[in-house]
Amino acid sequence: MAKANATVMAAPAVPMTGIWRTIRSYIMWQHERGTIQYDVMVTLILLFIFLSPRWINFKDKPVERNPHHMGVVVVPDGQGGLIYQIQAAAVDSRNATPDDAALRSELRKIIEPISGAVSITKVEPVRDATGRLLSYKVWVALQ
């Protein structure tokens with residue numbers, strides 16, 4: 001029985017100092033370019049960069065912008081500004097005059113989610129042959 005214990009005790013232990021030395025050399029980046037150890041380190045870094053967004057939620061999604069659900073057509077005016085054609089159904093102030101502050105405020109609320117801060121320079125109602133209001137043409141300048 002003493003002989004069996006002696007063989008178990010005599011078995012070589014796992015060389016932990018060698019493993020820790022290898023881990024330390026990777027952490028301290030002690031390998032030259034072109035070696036297999038260097039290639040392993042670079043591969044692990046690239047795998048982390050490209051695969052970590054699939055498993056880690058960094059919460060860095062862009063802010064969702066909700067443009068107005070009604071039809072808005074944007075065309076350049078040729079002088080550095082923009083012309084927006086906004087359907088009349090999108091605006092509550094259908095009986096307002098183009099110079100009305102409430103109408104301009106509603107139009108600005110529709111335009112700003114699309115283009116950011118703007119200043120309205122001109123508003124023109126678009127009517128059909130019977131005089132029914134179809135849309136507004138709004139000239140804006142970016143601020």
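If you read the sequence from its start, that first residue is 1, and numbering goes on from there. Worth saying up front: this structure is predicted, and the values here are computed from it rather than measured.
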Between [X] and [Y], which heavy-atom pair has the shortest distance, and what is it?
| X | Y | answer |
| --- | --- | --- |
| V118 | E112 | N-OE2, 3.7 Å |
| H31 | S25 | NE2-OG, 2.9 Å |
| V140 | I120 | CG1-CG1, 4.1 Å |
| P53 | F48 | CD-O, 4.3 Å |
| Q85 | S135 | NE2-OG, 3.0 Å |
| A90 | I110 | O-CD1, 3.8 Å |

### Any donor-acceptor N/O pair, T43 side chain to D39 backbone, under 3.5 Å
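Yes, T43 side chain to D39 backbone: donor-acceptor pair under 3.5 Å.
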
### Query
If only atom types and distance count, is the side chain of T121 paired as donor or acceptor with the main-chain N or O of W139 below 3.5 Å?
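Present.
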
Output the distance between atom [atom1] ([X]) and atom [atom2] ([Y]), rounded to the nearest 0.5 Å.
| X | Y | atom1 | atom2 | value |
| --- | --- | --- | --- | --- |
| E106 | D100 | CD | CG | 9.0 Å |
| I36 | M41 | CD1 | CE | 11.0 Å |
| Q37 | T35 | CD | OG1 | 4.5 Å |
| I86 | L107 | CD1 | CG | 5.0 Å |

### Message
Parallel, tilted or perpendicular: which one describes the rings of W29 and Y38, with boundaries at 30° and 60°?
### Response
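Rings of W29 and Y38: perpendicular, over 60°.
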
### Task
State yes or no: do W20 and V40 share one hydrophobic cluster built from I, L, V, M, F, W and Y residues joined by side-chain heavy-atom distances below 4.5 Å, directly or via other members?
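Different clusters: W20 never reaches V40 through Ile, Leu, Val, Met, Phe, Trp or Tyr contacts under 4.5 Å.
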
### Option passing side chain to side chain contact (heavy atoms under 4.5 Å, CB included) with I45 (candidates I49, L47, V42)
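Answer to the side chain to side chain contact (heavy atoms under 4.5 Å, CB included) test with I45 among I49, L47, V42: I49.
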
### Task
Report the C-alpha separation of L44 and Y26 in whole Å, then their side-chain angles, then the decisive distance to 0.1 Å, and conclude whether the side chain to side chain contact (heavy atoms under 4.5 Å, CB included) test is met.
CA-CA 11 Å; L44 290 174; Y26 277 108; over 6 Å; no

